[in-house]
Number of protein chains: 2
Amino acid sequence: MLHLHSTSPTRWLAQVDQNLKDILIDHAHCEQKAAATAMNLMFDYVENEELCREMSAIVTEELEHFHLVIELIKRRGIRFYKMKPGTYGRKLKELARRQEPYKAVDHLLIAALIEARSCERFVLLRDHLQDAELKEFYGSLYESEARHHSTYVRLAKTYAPAEEVDARLEELAAAEAAIIEVGCELPRVHS
Amino acid sequence: MLHLHSTSPTRWLAQVDQNLKDILIDHAHCEQKAAATAMNLMFDYVENEELCREMSAIVTEELEHFHLVIELIKRRGIRFYKMKPGTYGRKLKELARRQEPYKAVDHLLIAALIEARSCERFVLLRDHLQDAELKEFYGSLYESEARHHSTYVRLAKTYAPAEEVDARLEELAAAEAAIIEVGCELPRVHS
């Protein structure tokens, strides 16, 4: 699914069941981080007109999702607070090469993989959770993650030949699957 | 005007006349930096619901303006590129106190002053420039800067008593006027 090399382990759904509140709070943080990632890419590659246009659209959409999660959290009487992130994002970002144009390719592909994993997990949540509101919520969100995944992969191909990008995507997807396999003891969206 | 302690020196309009292209390119960067500032404030004060809502709206609006400037630049056949920033923003940010809640107050008030100065200069551009399209463009933008100024000042008052915030705003506005007085040799929106 969307270039991912693994499906999520059942362990993760157990983490969700035991810590739904933390997952929801982390989800809000994820939307905000996704907006920040798009904003940073815009800053770093300001001369790429297509990238700027797409990143702006993603920033706006992620912030809308952030507010949807915040409202949902609030309706449930859960206090939103700044929560320690899991290790997933950091571990993935450490894989990025430092030199251009590889740096651009890697940052875009890492963003693509995070969107892909979010998409996979939102579908899992839609199918697994009993709560009708949450089922509908995650059912309504996963498509945009898939769309962002494609946008990031397409933009990576403005920095290197398509076959090179595809090969690198496979490498990074294998590394991503290994990170997911190890997991993170904190209950988070990408644990 | 909007708590500013000075009007812009005529020197600045001379810089504009001699380097209009650079001013336009820097203006695009300013809109992007304004979006990033709002995004960073959202990250730092994620528990402040009102702040998050307002910052999201500002991010979206600044990105819209960024694209308006980019399109205008493109229509004029000017190449957009990553340009070295002037010294204004850095000098202002150095004035911020490091400890909370003063840090929050200062970062919000500094953002308020940058919006105020932009507003003042957009009005100057509207009145000074001969180019009909640019006159209209700057005439259409200054109001949102004034609105953002008020939002930032109001949010600062969620972190300290109103009279304390007002006093600090006067201090920072005096420092801002001194920075503007010295100026910056690079032709920029805030030189």
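Comparing A/Gln32, A/Met39, A/Arg53, A/Met42 by heavy-atom pairs within less than 4.5 Å of chain B, the highest count is held by A/Gln32. Heavy-atom pairs under 4.5 Å with chain A were tallied for B/His29, B/Lys33, B/Arg79, B/Glu49; the largest tally goes to B/Glu49.
The number of heavy-atom neighbours closer than 6.0 Å to CD of B/Glu181, taken from other residues, nucleotides and ligands shown, is 12 or below. The local environment of CD in A/Glu94 is crowded, with over 12 non-hydrogen atoms from other residues, nucleotides or ligands closer than 6.0 Å.
Heavy-atom distances place both the backbone and the side chain of A/Asp44 under 4.5 Å from chain B. At a 4.5 Å heavy-atom cutoff, the contact between B/Ala35 and chain A is made by backbone and side-chain atoms alike.
Within residues 54-77 of chain B, the residues having any heavy atom less than 4.5 Å from a heavy atom of chain A are, in residue-number order, B/Ser56, B/Val59, B/Thr60, B/Leu63, B/Phe66, B/His67, B/Lys74.
Listed by first then second residue, pairs satisfying ring-ring contact (aromatic ring centres under 6.0 Å, His included) with a partner in residues 87-118 of chain A read A/Tyr88-A/His190, not counting sequence neighbours.
Applying the salt bridge (Lys or Arg N to Asp or Glu O under 4.0 Å) rule to A/Arg126 yields no partners; only residues at least two apart in sequence or on another chain are considered. In this structure A/Pro101 satisfies the side chain to side chain contact (heavy atoms under 4.5 Å, CB included) test together with A/Tyr159, sequence neighbours excluded.
Panel note: side chain B/Glu47, backbone A/Lys82; a donor-acceptor pair is recorded below 3.5 Å.
Follow the hydrophobic side-chain contacts under 4.5 Å out from A/Val189 and you reach A/Tyr81 in the same cluster. Under the 4.5 Å side-chain heavy-atom criterion for ILVMFWY residues, a single connected hydrophobic cluster contains both A/Leu4 and A/Ile110. The cluster map of Ile, Leu, Val, Met, Phe, Trp and Tyr, joined by side-chain heavy atoms under 4.5 Å apart, puts B/Ile114 and B/Leu124 in the same cluster.
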